[in-house]
Number of protein chains: 2
Amino acid sequence: MHDHRATLERMRSLTPDEETLSRLTRLFRVFGDPTRMRILYALSRGEMCVCAIGEYLGMEQSAVSHQMKVLKDTYLVKSRREGKTVYYALADDHVQSIVCQGYEHVCEDKE
Amino acid sequence: MHDHRATLERMRSLTPDEETLSRLTRLFRVFGDPTRMRILYALSRGEMCVCAIGEYLGMEQSAVSHQMKVLKDTYLVKSRREGKTVYYALADDHVQSIVCQGYEHVCEDKE
DNA sequence: CGTTCATATGAATGACTGTTCATATTATAG
DNA sequence: CTATAATATGAACAGTCATTCATATGAACG
């Protein structure tokens, strides 16, 4: 095995702590599911209730609820109750800018 | 079931095509693994060979190679051969800006 | 050529996770 | 209080994927 002490020395300080690393990768995994991405795209136009999301994406109410929980736990969406109905909306602009960054990347690679 | 034709109407046009959606979520899934994220962090300081990456992160050579393939297939890293050694480096600044966006998000949520 | 080092690849296994089904909340209306 | 609509939750199943082990490729050197 060849030597690379110098290379190793360079970045020992950089790596984020376990807690942050875990949160960070968890966040990206949440973005990594087509269904959730569709939901986020849908919400980028404005708030929607569980019912409408399910109808729009052709998925069961239960599946939607499960995914909304995931999205909420990672602070990507927020909710608001109005009677029996719960409306979900994107939590903030961060969500969109992350998706856009990814979007640009995959578009570049199409060449 | 209550009515939401108006809501639905709003965003039918938005959703990206299947191909793009698939590429996009695939990309985020790649960012969603702690090992790969550690590799990307390591490379953010400069190129490294497979050997050094494995040593640094305490993982087997085979595992590193497998992951480098994933990273390369999604254009997150590029490689350069020098004799028997293969050096990997981040493909472009995009990678770092995506990670940073995510980083900011998880940091905000710590409050 | 044969050997050795660095890397790549294929198959198998175990862990994780999205969906479904059944059931539980929560809220409104009568 | 009962019925019903909207949403949430828990358990089970199925598909995905990261790691490991064994083996293959590729390059330098004698």
Side-chain angles (χ1 to χ4, degrees), chain A residues 1-4 7-8 21-40 42-43 47-74 76-89, chain B residues 1-4 7-8 21-40 42-43 47-74 76-89:
Chain A
M1 182 148 35
H2 68 251
D3 184 57
H4 25 245
T7 313
L8 294 181
L21 184 70
S22 175
R23 281 166 171 269
L24 188 57
T25 53
R26 172 81 205 291
L27 175 68
F28 285 122
R29 251 175 290 141
V30 171
F31 281 114
D33 179 71
T35 299
R36 281 190 293 261
M37 188 59 78
R38 285 196 194 91
I39 294 175
L40 293 176
L43 295 181
E47 65 174 15
M48 292 179 77
C49 66
V50 174
C51 194
I53 296 170
E55 202 176 316
Y56 175 58
L57 299 178
M59 51 190 296
E60 290 201 358
Q61 173 270 318
S62 173
V64 177
S65 273
H66 278 298
Q67 296 297 10
M68 297 323 286
K69 174 163 172 48
V70 173
L71 291 170
K72 199 170 183 190
D73 287 348
T74 44
L76 297 182
V77 303
K78 58 190 173 187
S79 65
R80 169 178 79 82
R81 183 174 269 268
E82 196 176 304
K84 284 174 286 190
T85 308
V86 175
Y87 291 96
Y88 284 94
Chain B
M1 182 145 39
H2 69 249
D3 184 56
H4 25 244
T7 313
L8 294 180
L21 185 69
S22 175
R23 281 165 171 269
L24 188 56
T25 53
R26 172 83 206 291
L27 175 68
F28 284 122
R29 252 174 288 142
V30 172
F31 280 113
D33 179 71
T35 299
R36 282 190 293 263
M37 188 57 78
R38 286 195 192 93
I39 294 175
L40 294 175
L43 295 181
E47 66 175 14
M48 292 178 77
C49 67
V50 174
C51 194
I53 296 169
E55 202 176 315
Y56 177 58
L57 299 177
M59 51 190 298
E60 289 199 1
Q61 173 271 318
S62 175
V64 177
S65 273
H66 278 298
Q67 296 297 9
M68 297 323 288
K69 176 163 171 48
V70 173
L71 291 169
K72 199 170 181 187
D73 287 348
T74 43
L76 297 183
V77 303
K78 58 189 173 188
S79 65
R80 167 179 80 80
R81 181 175 273 267
E82 195 176 305
K84 285 174 287 190
T85 309
V86 175
Y87 291 96
Y88 284 94

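Convention: sequence-line order gives letters A, B, ...; per-chain numbering from 1. All values below were derived from every heavy atom in this structure, side-chain atoms included, with hydrogens, water molecules and symmetry-related copies excluded.
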Taking atom [atom2] of [N] as reference, at what distance in whole Å does atom [atom1] of [X] sit?
| X | N | atom1 | atom2 | answer |
| --- | --- | --- | --- | --- |
| E55(A) | dT7(D) | CD | C1' | 15 Å |
| R26(A) | dA15(C) | CZ | P | 19 Å |
| L27(B) | dC17(D) | CG | C1' | 17 Å |
| K72(A) | dT7(D) | NZ | C1' | 12 Å |
| E60(B) | dT23(D) | CD | P | 15 Å |
| I39(B) | dT19(D) | CD1 | C1' | 12 Å |
| D73(A) | dA8(D) | CG | P | 12 Å |

Hey, what do you get for CG (D73(A)) to CG (L27(A)), rounding to the nearest 0.5 Å? 12.5 Å
Name all residues meeting the salt bridge (Lys or Arg N to Asp or Glu O under 4.0 Å) criterion together with [X]; count only those two or more places apart in sequence or in a different chain, and write none if there are none.
| X | result |
| --- | --- |
| K78(B) | none |
| R36(B) | none |
| R26(B) | none |

For nucleotides 24-29 of chain D, give me one character per nucleotide, 5' to 3': B if any protein heavy atom sits under 4.0 Å from the base, S if the only such contacts are to the sugar-phosphate, - if neither. --BBS-
Test ring-ring contact (aromatic ring centres under 6.0 Å, His included) applied to F28(A) - qualifying residues, sequence neighbours left out: F31(B)
Partners meeting ring-ring contact (aromatic ring centres under 6.0 Å, His included) with H66(B) (sequence neighbours left out): none
Using the test side chain to side chain donor-acceptor pair (under 3.5 Å), find all partners of [X] that sit at least two apart in sequence or belong to another chain.
| X | answer |
| --- | --- |
| K84(A) | none |
| K72(B) | S79(B) |
| Q61(A) | S65(A) |
| T25(B) | R29(B) |

What nucleic acid atoms does Y88(B) come within less than 4.0 Å of, heavy atoms only: base, sugar-phosphate, or nothing? sugar-phosphate
C49(B) and its side-chain contact (heavy atoms from CB on, under 4.5 Å) partner, picked from V64(B), V86(B), T85(B): T85(B)
Any residue in residues 28-38 of chain B with a heavy atom nearer than 4.0 angstrom to DNA chain C? Just list them by number, or reply none. none
Within residues 61-69 of chain B: residues closer than 4.0 Å to DNA chain D (heavy atoms):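 Nucleic-acid contacts, sorted: S62(B), A63(B), H66(B), Q67(B).
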